[in-house]
Amino acid sequence: MIKVAVMGAAGKMGGEVCGAVLADPGLDLVGAVDPAVLDKEIPQALLTAGITVLPGKEGLDAVAIDVMVDFTTADAAVENVLWAVENDIHSVVGTTGITEPDIKRIRGLADSGKANVVLAANFALGAVLMMKFSETAAGIFDQAEIIEMHHRGKLDAPSGTAIETARRIGEVPKASKVPLSDEREVKGSRGGRLGGVQIHSVRLDGLVAHQEVIFGSTGETLRIRHDTINRSCFMPGVLIAIMAVASTPGLTVGLEPLLEI
Ligand code: NAD
């Protein structure tokens, strides 16, 4: 059995992960941490299993853990990964907004060989394919824009998935010809530009997580779209990462290597 601790256990994603870990016969949920435990409703799966959510990871000092799963905030995630590697615990991180310098720092630690880290901006298998297909399309189409749409509570913009998609499209050696617009009345109406790709972020109640990548060329467009209807879509990818992280040396960014695509 793989012993798992979840950081951000009282959060939306962390609660879902706790439920998925508890439901998997190959996994053992040995710890759940969230400093907001007193202010939030404890996920039903944890109440049913009689698992106490701890307010800090200090409470895990005497607990044997194989894998830490983190769905918190960017700053907390970096601190949690550093703690995990120091304690020989592998990490699966879904938290978005982690900066490039921090990712470099995590890579350095993971490369030291003490413990491995899997970091994925999107654990939904369809989203992984959307990024892969977008990379392929970027070799053919020279213009691309991304519209990412999320629930109003999402703090970071653009989304980690949009940043990763733009980065990967931008790395395809094909000149981008998205025109620079002449914005007049409303500044920012053309979105933000990353790697030659315009990104538009929509935040509205009623949305969960959606992204459309639109490629343009002479007389045609190609739209690659992914929709999630609830957070359960992320769980198969999270479980794959939990099972694989111990045998995946160093830092792995994205799920592709684990899916062998
Ligand atoms: P949320 O606000 O519902 O939950 C985050 C939780 O983390 C909160 O309960 C907070 O109290 C807790 N937290 C903060 N600091 C902590 C610490 N030091 N230790 C333990 N817990 C701590 O947010 P959410 O919707 O669950 O999203 C969490 C993160 O996951 C965000 O960065 C979001 O963008 C990302 N996310 C990633 C994926 C993916 O597939 N990779 C999917 C959805 C969301």
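The first residue of the sequence shown is numbered 1, and numbering continues consecutively from there. Both ligands and their constituent atoms are indexed starting at 1 by order of listing. The figures that follow rest on heavy atoms only: side chains count, while hydrogens, waters and symmetry mates do not.
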Dump the intermediate steps for salt bridge (charged side-chain N to carboxylate O under 4.0 Å, His left out) on Arg167 and Glu135, then the final yes or no. CA-CA 10 Å; Arg167 190 189 62 75; Glu135 233 174 351; over 6 Å; no
Has ligand 1 got any nitrogen or oxygen that is less than 3.5 angstrom from a nitrogen or oxygen of Phe123? yes
How far apart are the closest heavy atoms of Asp34 and Gly8, and which atoms are they? OD2-C, 3.2 Å
Among His151, Arg231, Lys40, which one puts a heavy atom closest to atom 8 (C) of ligand 1? Lys40
Under-4.0 Å salt bridge between Glu256 and Arg168: yes
Given Thr95, Thr72, Thr96, identify the one with the heavy atom nearest to atom 28 (C) of ligand 1. Thr72
Could you tell me, atom by atom, which parts of ligand 1 come under 4.0 Å of a heavy atom of Ala36? 11 (O)
Indicate whether the side chain of Arg190 and that of Gln198 have a donor and an acceptor atom separated by less than 3.5 Å. no
Please name the pair of heavy atoms, one in Asn116 and one in Ser247, separated by the smallest distance, quoted to 0.1 Å. ND2-N, 4.3 Å
At under 4.0 Å between heavy atoms, is it the side chain or the backbone of Phe71 that contacts ligand 1, or both, or neither? both
Under 3.5 Å, is there a donor-acceptor pair linking the side chains of Asp75 and Thr73? no
Any heavy atom of Glu16 sitting closer than 4.0 Å to ligand 1? no
Do NZ/NE/NH1/NH2 and the carboxylate oxygens of Asp227 and Arg225 come within less than 4.0 Å? yes
When you compare ligand 1 with Ala124, is there at least one nitrogen or oxygen pair between them that comes in under 3.5 angstrom? no
Per-atom contacts of ligand 1 with Lys154, taking only distances under 4.0 Å to non-hydrogen atoms: 34 (O)
Summary of salt bridge (Lys or Arg N to Asp or Glu O under 4.0 Å) pairs that have at least one residue in residues 58-74, sequence neighbours excluded: none
In short, Leu222 meets Ala137 closest at the heavy-atom pair CD2-CB, 3.9 Å
Show which atoms of ligand 1 fall inside a sub-4.0 Å distance from at least one heavy-atom site of Gly94. 30 (O), 35 (C), 36 (N), 37 (C), 38 (C), 39 (C), 41 (N)
Where on Val238 is there a heavy atom closer than 4.0 Å to ligand 1, on the side chain, on the backbone, on both, or on neither? neither
Once side-chain hydrogen bond (donor to acceptor under 3.5 Å, both in side chains) is applied, do any residues pair with Arg231, and if so which ones, sequence neighbours excluded? none
Where is the nearest protein heavy atom to atom 6 (C) of ligand 1: which residue, which atom, and how far? Asp34 OD2, 3.7 Å
At a 4.0 Å threshold, what atoms of ligand 1 neighbour a non-hydrogen atom of Gly8? 6 (C), 7 (O), 12 (C), 20 (C), 21 (N)
Between Lys3 and Asp28, is there a side-chain N and carboxylate O pair less than 4.0 Å apart? no
Looking only at heavy atoms, the pair that brings Ala9 and Leu46 closest together is O-CD1, 4.1 Å
Is the contact between Ala9 and ligand 1 made by the side chain, the backbone, both, or neither, using heavy atoms and a 4.0 Å cut-off? neither
Which residue supplies the protein heavy atom nearest to atom 4 (O) of ligand 1, what is that atom called, and how far is it? Gly11 CA, 3.3 Å
In terms of its nearest heavy atom to atom 22 (C) of ligand 1, the top option of Ala74, Pro35, Ala76 is Pro35
Is it true that Ala120 lies under 4.0 Å from ligand 1, counting heavy atoms only? yes
Indicate yes or no: does an N/O atom of Lys12 lie under 3.5 Å from an N/O atom of ligand 1? yes
Below 4.0 angstrom from a heavy atom of Asn80, which ligand 1 atoms are there? Numbered from 1 as shown, please. 19 (N)
Just by distance, no angles: are the side chains of Thr161 and Glu148 close enough, under 3.5 Å, to form a donor-acceptor pair? no
Using distance alone, decide if ligand 1 has a nitrogen or oxygen within less than 3.5 Å of any nitrogen or oxygen in Met13. yes
Are any of the N or O atoms of Phe234 closer than 3.5 Å to those of ligand 1? no
Report yes if Gly14 has an N/O atom closer than 3.5 Å to an N/O atom of ligand 1; otherwise report no. no
Nearest-neighbour protein heavy atom for atom 39 (C) of ligand 1, which is reported as residue plus atom name and distance: Ala121 O, 3.4 Å
